[in-house]
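Everything on this sheet refers to the single structure shown next.
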Amino acid sequence: MIPNRFDHATAAEEIANKWYSNGCCDANVNPDKKPYTIVIPPPNVTGALHLGHGLNNTLQDILTRTKRMQGYEALWMPGTDHAGIATQAVVERRLKEQENLTRHDIGREALVERIWAWKDQYEQRIIGQLKRMGCSCDWRRLRFTLDPMCATAVRATFFDLFKKDLIYRGKRLVNWDTFLQTAVSNDEVENVTKKGHFYHFRYPVIDPKPGEPDHVEIATTRPETMLGDTAVAVHPDPAAALDKVESELKRKLAEAGEKERPELEKQIEVLAERRTAMLPQLERLRDMAADGRKLMLPLAEREIPLVADQWAKPELGSGCVKITPAHDPNDYEVGLRQSLPMINILNPDGTLNGTVPAYEGLTIPQARKQVVADLEARDLLGDVEDRDIEMPLSDRSKTAIEPYLADQWFVAMDQLAQSAMDAVTDDRVQIFPTRYRKGYLDWLGEKRDWPVSRQLWWGHRIPIWSATYESENKAREIATKAKSLGTNDLISATIQADEENATFHLFVCLREEESPLEAKVEALGLVRDEDVLDTWFSSALWPHSTLGWPEQTDELEYFYPTSSLSTSRDIITLWVARMVLMGLNNIHEIPFQEVFIHPTILDGNGERMSKSKGNGVDPIDVIDKFGPDALRFGLTRLTTETQDVRLPVQFECPHCEKLIDQTKKNRTSPTVPCPACSKVFSTQWAETEEDKAHAKAPVVSEKFEVSRNFVNKLWNASRFVLMNLEGYEAKPIDVASLPVEDRWLLSRLATVTDEVTRGIDEFKFAEVAGILYDFAWNEFCSFYVEIAKPRLADDALRGVTQNVIAHGLDTLLRLLHPIMPFVTESIWSYLGELAPSRGLKPTAAGEFVMLASWPECQREHYDQDIERQFAEFQEVIGAVRKIRASQSIAPKETVPVSVRCSDSSQALLEPMKAYFGSLAGAEVMSLGPAVQPFATDAPLAIPAMDIEVHVDLEKFIDVEAELTRLEKLLGQVVKQITGKESKLSNENFVSRAPADVVEKERASLNDLVSQRDSIEVDIKKLREKSS
RNA sequence: GGGCGAUUAGCUCAGUUGGUUAGAGCGCUACGUUGACAUCGUAGAGGUCACAGAUUCGAAUUCUGUAUCGCCCACCA
């Protein structure tokens, strides 16, 4: 006997093991089949997967499983990402917390070793999560962005770009994390608003001429940076700049609503005052700049020029701006434009260097204080205002970010970006939903060079060796020697002049890892670069590096380009765009044909899920509570085309298993008292031994309960089928001879198969899940199974019914399998025992539904008339149920029913009379056009179908209840009639709306009127009878 | 500041090209357990489709504006 619940806890692991041990997920080069390939977006090994990964990987598995069943050689390539800075930061933070050591204390090798240990641990955890979700990856091929295969690809790519002169060394202002001592990318910086001050300084003018100001006022929120100032800028044409601002304000004023007007008017007024007060002065300064006049930078006691540059905004502050090219991104741009020196005042650890010896060794806050005090002592300090300051913080170390000038390696993006834009504009790569194209194209359109070096120890080390020489000849000489060490497909060299220091840098790039050339290059006096590559560099190669490139492997030939990529929108630029351009550069072919951008899961408060907020959900917790199929089905139902989806989350009380809504308050507390059982449970924040002593509550979402119930429904419907397959004999099914309900089922199967197949191709996951849910529950279970009950009890009908129902269940299992692989696989094996051969033309079902063929949409089974007729049957059943409910007739009672209907409906309903019993507790007394009401009658009309259902209430009548029902019905009908009448009496509607719409309205009004009349008659009769 | 998106029942969401009475699940109410399933069944209540205009015979749906929320990008000496 099959248990009445699907025990996922024990079944799932067994099933997964069978898949894996039978190689069900493996894909091999197979010229007889078309390939279908997905590469997994490699999860970071920083930590465990959350529900966002759960969603993305569910979708990829649905695609992979569907295509596999459709006869493709389906490869889902698994792997993980080393995630450079994120992983190193996690391990460094632990090192600091647990052992109070920094990475410099233990050294590069030891740190990297520790990170590998971390990686091994989390990679295992991640793979465990994916496997429990049922992900049908080809696990034999598991890759890691730092493994030898990927490393080879990275080296080959870097070498190629280097040789093409697409890689260059340049200074660049980077976001410097003084704790980790590395540059971090923009997306790893978050801004926080803090209280600070806005300081006004005066810089003396050197030898002012008569009529010239003797000082220039500037302002800053970061006083210490003045030590690195190399100019003060003033706008080259302040009058024109002010005009432009003014006309912009006036334009806004013209368009503005009442609310903004006063504010804008005030701004224009202020601007006019400024013009009067300051324009002459600014123009004088501009002339002085043109004249090459200099200022004395206080404290540093250095002469700096006054320059004319449009970065200075005459409408702001004093109209003058200090320029610190080495410590501010905008000033850096000015510095480049104006050929200003760039003076770095910081050490890598964030203390001041010896540029201005008096401040050497001070931290930034100390230096800030000192600079302000020293300027005040010299009477050069003006006002100090309070102001909110946006402060950049490093995501990883939570310490302040300093803009810092450093040597970095860049990839020139001009050509590469263009190629990736073209691939999308000409639709070789399609992005779904299409609205995301714009962001991709806009970002690439900027063609900003890609800084690829990171001052980290965890990653692909940059394969460049360098040395600096004072003479170009010397550099050339060594370069020649270096090149002669190997062939030009293994070693490449380039010389870059450093004008500032009048030196020459020699850069040598080696293509192969651990090549004997390394030692030889080093013997020439060259030193290897300390930096590693941006983690996205190796990720960008993922679709081809995982297939063995640069080797021309069979896999690469067969599986590349891949088919679809599913990912989240925040990495469309960072990752997707770069995969496209690298694929085109390395293989001259796009990496994938379709990109699906899935929605982001937010919690019930509309916030992104994250571990640091406490609202993150581990898919494993959901699987433990609801099962893997429920997790997957729930996530699939969530995947609409919107950009965000909400999923309220709860704590599951470990004591009473109740789900407790998360609030912003409780989700960050170490312990929470359960409102249901009042026992205390702990959360991820528990740190003290005392807190940890309470059982920990997993974070889940009750939304998966619906899906769990659906799994149960499917399980039990299948159980019913299985219990009734005794004596099953596989026989061909003669469709033409089947009764209506069987042909209805076949027709519906054809439609559903078609809709599901198309939906998956179009990434309409929520829709597909909805279609299957509705069909399985409301049609297969609620109607077909109910109808099958009497037929299975009838020896004459049993055989054919068994054949049809087995076929129906078989098809349903196949269609559901990609979404709910475990329960379908389990049922499949039970079904295989009782009905090993099944179908319209019975064929042997294989051992695994996972490897079964996808159902064909059998269009010839679609029959509009049958579906319409069956809908009539469903309506009639519904009408009887409504009458029963309004009369509170006990379920055990059987009610006599008559149905007035057309001849054709009669022909349909006649053979289905037997099913009224199990579906509506009714016995059909008479059918057809001539049917009369019962003496004590409860009628219900179905006007759209021209059907009237009558229930004999002789034994049951509750006059009051019946009057209430009829009056309510009458009210509804009258309301509709009023609406229709007013619509039809509208001359405009009648004359302008299409004739068929008007005709439909008229017909519908007529129906309603006759319905009203008959209800009124019924009410009258009932009143007479009761009085 | 620029871009993208959302706003429909108490909650989470559907709603195709404008056209009968705007749907589903959860929750709620009432009734119901001798066999597929109480993780169930049947019925019911519940909506000024964010707001204001415009187009149209007709708008949840098209257009304009407003408000609120979210995300991405840029930026504020």
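Here is the naming used below: chain letters follow the sequence lines, and residue numbers restart at 1 for every chain.
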Please pick, from [options], the nucleotide with the shortest atom-to-atom distance to any side-chain atom of [X].
X: A:R435; options: B:C37, B:A36, B:G5; answer: B:G5
X: A:A993; options: B:A36, B:C57, B:G70; answer: B:C57
X: A:D644; options: B:C69, B:G19, B:G70; answer: B:G70
X: A:R992; options: B:C57, B:A36, B:U42; answer: B:C57
X: A:K980; options: B:A36, B:G70, B:U20; answer: B:U20
X: A:P994; options: B:C40, B:A74, B:G19; answer: B:G19
X: A:P648; options: B:U12, B:A14, B:C71; answer: B:U12
X: A:Q976; options: B:G44, B:U21, B:G19; answer: B:U21

Indicate, with a heavy-atom threshold strictly under 4.0 Å, whether A:K1000 touches base, sugar-phosphate, or nothing.
->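 Nothing, no heavy atom under 4.0 Å.
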Polar side-chain contact A:R884-B:U42 base: donor and acceptor under 3.5 Å =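 When only heavy-atom distances are counted, A:R884 does not reach the base of B:U42 through any donor-acceptor pair under 3.5 Å.
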Side chain A:E786 and base B:A36 donor-acceptor under 3.5 Å =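 Yes.
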Rounding to an integer number of angstrom, what distance separates [N] and [M] when you compare their [atom1] atoms?
N: B:A6; M: B:G53; atom1: P; answer: 23 Å
N: B:G1; M: B:G65; atom1: P; answer: 15 Å
N: B:A30; M: B:U66; atom1: P; answer: 48 Å
N: B:G47; M: B:C28; atom1: C1'; answer: 16 Å
N: B:U17; M: B:U61; atom1: P; answer: 14 Å
N: B:A50; M: B:C13; atom1: P; answer: 15 Å
N: B:A9; M: B:C63; atom1: C1'; answer: 28 Å
N: B:G19; M: B:G10; atom1: C1'; answer: 31 Å

If you look only at pairs with a residue in residues 766-780 of chain A, which of them pass as a side-chain hydrogen bond (donor to acceptor under 3.5 Å, both in side chains), with sequence neighbours excluded?
->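 Found A:R748-A:E779.
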Determine whether more than 12 heavy atoms belonging to other residues, nucleotides or ligands lie under 6.0 Å from atom CD of A:E446.
->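 Yes, because the 6.0 Å sphere around CD of A:E446 holds more than 12 heavy atoms from other groups.
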Decide if atom CD of A:E657 counts as having more than 12 heavy atoms of other residues, nucleotides or ligands within a radius under 6.0 Å.
->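 Open: at most 12 neighbouring heavy atoms sit under 6.0 Å from CD of A:E657.
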Answer yes or no: is there a donor N or O on one side and an acceptor on the other, between the side chain of A:D328 and the main chain of A:P403, under 3.5 Å?
->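 No; judged by distance alone, with no hydrogens or angles, the pair does not exist.
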Whether A:H197 and A:Y199 hold their rings parallel, tilted or perpendicular, with breakpoints at 30° and 60° |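 If you compare the ring of A:H197 with that of A:Y199, the planes turn out perpendicular.
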For A:Y199 and A:V997, take the nucleotide of RNA chain B holding the closest heavy atom to each; which residue's nucleotide lies nearer the 5' end?
->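 Between the two, 5'-proximity favours A:V997.
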Map A:N712 and A:R646 onto RNA chain B by nearest heavy atom, then report which one ends up closer to the 5' terminus.
->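 In this pair, the answer is A:R646.
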Working for side chain to side chain contact (heavy atoms under 4.5 Å, CB included), residues A:I572 and A:R569 | CA-CA 5 Å; A:I572 294 173; A:R569 67 173 179 281; 3.9 Å; yes
Among all residues two or more places apart in sequence or in another chain, which pass the ring-ring contact (aromatic ring centres under 6.0 Å, His included) test with A:F822?
->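 Listed in chain order: A:W19.
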Begin from the C-alpha positions of A:D629 and A:H8 and carry the test side chain to side chain contact (heavy atoms under 4.5 Å, CB included) through to its verdict.
-> CA-CA 9 Å; A:D629 296 311; A:H8 63 258; 5.7 Å; no
side-chain N/O [X] vs [N] OP1/OP2, d < 4.0 Å:
X: A:T642; N: B:C13; answer: no
X: A:W443; N: B:C4; answer: no
X: A:K968; N: B:A45; answer: yes
X: A:R5; N: B:U39; answer: yes
X: A:K713; N: B:G41; answer: yes

Counting only non-hydrogen atoms, which of residues 700-710 of chain A are less than 4.0 Å from RNA chain B?
->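 By residue number: A:K703, A:V706, A:R708, A:N709.
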Would you mind reading off the distance between A:N4 atom CG and B:C40 atom P, rounded to a whole angstrom?
->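 Answer to the nearest Å: 12 Å.
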Starting from C1' on B:C31, measure out to NZ on A:K882 and report it in whole angstrom.
->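 After rounding, the gap between these two atoms is 17 Å.
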Side chain to side chain contact (heavy atoms under 4.5 Å, CB included) between A:L812 and A:T824, intermediate numbers included = CA-CA 9 Å; A:L812 184 56; A:T824 50; over 6 Å; no
